[in-house]
Number of protein chains: 2
Amino acid sequence: MATIKDVAKLAGVSPSTVSRVIAGSNRISLETKNRVQRAMEQLNYVPNAIARSLARSHTHTIGFALSRRADQAFSNPFFSEVMRGMSTVAQARGYNILLSISLNPEDELSKCLQLVRERRVDGLILSTSRVKDPLIAALSEEEAPFVVIGRCMERPVLSVNNDNVKAGYNATVHLLEEGYREIAYLSGASDLVVTIDRMNGYKQALIERGLPLVEERIGVADFSEQDGYEALCQMKERGVSFDAVVASDDLLALGALQFAERYGLRVPEDLGVVGFNDTPLMVYTHPPLTSVRILSYELGVEAMDLLIDALENPDKKRLKKEIVLPSELIVRGSSRRRGKAE
Amino acid sequence: MATIKDVAKLAGVSPSTVSRVIAGSNRISLETKNRVQRAMEQLNYVPNAIARSLARSHTHTIGFALSRRADQAFSNPFFSEVMRGMSTVAQARGYNILLSISLNPEDELSKCLQLVRERRVDGLILSTSRVKDPLIAALSEEEAPFVVIGRCMERPVLSVNNDNVKAGYNATVHLLEEGYREIAYLSGASDLVVTIDRMNGYKQALIERGLPLVEERIGVADFSEQDGYEALCQMKERGVSFDAVVASDDLLALGALQFAERYGLRVPEDLGVVGFNDTPLMVYTHPPLTSVRILSYELGVEAMDLLIDALENPDKKRLKKEIVLPSELIVRGSSRRRGKAE
DNA sequence: CTGTTAGCGCTTTCAC
DNA sequence: GTGAAAGCGCTAACAG
């Protein structure tokens, strides 16, 4: 493999000159520039990224941290879409993505810290945020550049989020307008900021319409169909009544559909269901699932752009920008009963 | 950020000594070893991965190349599962994963070559293989270490594959045993090795059972429901009869279900359907989809292990091992009509 | 505009 | 067992 010295020798210049044409410096004569370029081609020269990184003390790579339980890792394409978005801008701006999949928050914390301390990445994108997230705290303390997809409640950080409160609100209002009155909320892990925000939107809608806020109608589950199903069963067994459910994830909504089947409830007549994420395959459930469409791809795009901007403009770094993206309620059969049997 | 020199100074030794304790050399006195370790802790020292990489001329990072059209990128969790598998062993063996998502094969080729030439990765894992794959050819020529998930038809390469021929065979035999006689095959892009292998299994089953091989019953589509649907419609419109379909991907099978609905065909009575990948959510289709379960996670595990083995034992590198993993047909409602209305 | 000279932070002979 | 010195391949002042 040819090095910069080989090129220099062949072109009859010094390595620094070669370095300059690589960097696209303008204080270089067109003639030598061409000569160097010819030499590079001739030798099939490609600059060694590692050496560059060491000399410039940045790697041009961004770490993406994903922490999921094995069984639910990528059940919905949310993260995959986010990655696609990140990848698009990373490529366009000359960055690489290092993937860090961990099994739990502790594992995630240590891995991310490792990546940063080893200087293997210039910055990190976090895929989820929790209340009092230790990872965010650690990264802040370390003064590592990072952006969170989601929102941080405790301190200002760079973040890209979707309007979860509003989305939860809209989903609930939609159900109310369809005539449902006893709406349950199926929450994911209770320390996830997304889940909390969506729930607040839900509560807000109920309060605004003068409906009672029944705490027993709020079920906590993991992000899996099974958990959603069980949470609803328990609710029912405890004698809590409900005629609709806002699920903070499509998988949970699937659990609700399963629940309806088990108890012989018709959807949407006896039970209205709305989910979150608008997972493509949900069109095929019976009935098709109403769901809040999240701009996952765009979330990835914005997160990567935000991080790289911060990295490349150290002056702006201190400004902790928070970007919020809109979502859209996609109404389908699982929640549409106006004009149908009441 | 502390460097090796700082540690050396604090411990009162030379940098090389520190380097030795990092490497876990045994020719070092326990005493100085402890002293150095204390210094490292005190300074919160973490070796700079980039500097290490440069000095040792390998990066301990593996590139994972994924080339998908935007809309179908991660429609099924196959790749996500593969990543989880790769990630698990990468972590265990001290490697990192660099993600390279590209939009088309050409893009993929240039990106992969770039990663290798820049020495940003020690090796690559390719997510798909095509007939006469230019990427495989280029990488071979470059003598870059890589393993393909799939199979290479032209030359010996390190690969991890599932038994697609057998799986295609089993899926078809199953349909035959359920009494279907005019079985169609829905192929993905015709240059994908997976698709070809599965088709060969399909053909083999028909031939073995003495059934005619009707070329018109083989439809080529992209890996999307819409394409699957259209391919089948065209087949029908051309007057080709069929009472079952083996789809080389679940998404295609979904298209078949859609097709059945459009033409008022009952599944499984009038049309048997079996897909590939056993995508989790397919349990929720009506009827639930029969599908071939692929060990995607294990594919990732094996691929990563194979690559790292090759990297760490340069002697064994020349041995082009091919690993084949078993698959399993999961029979559900979409293909089970024995004992049902004929 | 171009060359010389130091590094970037770590590893690795080669001596002692 | 430990240190000195050279080098991995590139960049970036500093001169000229």
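Predicted, not measured: the structure shown is a model, and the values here were computed from it. Chain letters run A, B, ... following the sequence lines, proteins first and then strands; every chain starts at 1.
The distance between atom NZ of B/Lys5 and atom C1' of C/dT11, rounded to the nearest whole Å, is 14 Å. B/Ile4 places its CD1 atom 13 Å from the P atom of C/dC8, with the value rounded to the nearest Å. In this structure, CD1 of B/Ile22 is placed 7 Å from P of C/dC10, rounded to the nearest angstrom. Rounded to whole Å, atom C1' of C/dT2 lies 10 Å from atom CZ of A/Arg27. Protein atom NZ of A/Lys33 is 11 Å distant from nucleotide atom P of C/dT2, rounded to whole Å.
Within the structure, the salt bridge (charged side-chain N to carboxylate O under 4.0 Å, His left out) test picks out the following pairs touching residues 295-306 of chain B (sequence neighbours left out): B/Arg93-B/Asp305. Each ring-ring contact (aromatic ring centres under 6.0 Å, His included) pair with one or both residues in residues 92-133 of chain B, not counting sequence neighbours, appears once here: B/His60-B/Tyr95.
Interface remark: the A/Ser16 side chain does form a donor-acceptor pair with the C/dT4 base, using a distance-only criterion of under 3.5 Å.
Nucleic acid contact class of B/Arg56 (heavy atoms, under 4.0 Å, all strands): sugar-phosphate only. Note on B/Val13: only backbone sugar-phosphate atoms sit closer than 4.0 angstrom, heavy atoms only; bases stay farther off. B/Arg119 comes within 4.0 angstrom of nothing in the nucleic acid, heavy atoms only. Within the 4.0 angstrom heavy-atom criterion, base atoms lie near B/Ser19.
A 4.0 Å heavy-atom criterion places the boundary nucleotides of DNA chain D facing chain B at D/dG1 to D/dG9, written 5' to 3'.
Contact record, A/Arg35 with A/Ala11: NH1-O, 2.5 Å, taken as the closest heavy-atom pair. Taking both residues in full, the closest heavy atoms of A/Ser80 and B/Ser80 are given as OG-OG, 4.0 Å, listed atom of the first, atom of the second, then distance.
Applying the side chain to side chain contact (heavy atoms under 4.5 Å, CB included) test to B/Val194 and every residue at least two apart in sequence or in another chain returns B/Asn164, B/Leu192, B/Arg198. The side chain to side chain contact (heavy atoms under 4.5 Å, CB included) test applied to B/Arg20 returns B/Ser16, B/Thr17, B/Ser25, B/Ile28, not counting sequence neighbours.
From B/Asn44, atom CG reaches atom CE of B/Met1 across 7.0 Å, with rounding to the nearest 0.5 Å. Summarising the geometry, atom CG belonging to B/Leu66 is positioned 7.0 Å from atom OG belonging to B/Ser102; distances are rounded to the nearest 0.5 Å.
Contact annotation: A/Thr17 does not reach the phosphate of C/dT2 (side-chain N/O to OP1 or OP2, under 4.0 Å).
For the side chain to side chain donor-acceptor pair (under 3.5 Å) with B/Asp122, the lone residue among B/Thr59, B/Asn96, B/Thr61 that qualifies is B/Thr59.
Annotation: proximity of residues 47-55 of chain A to DNA chain D (heavy atom, distance under 4.0 Å) is found for A/Pro47, A/Asn48, A/Ala51, A/Arg52, A/Ala55, numbered in ascending order.
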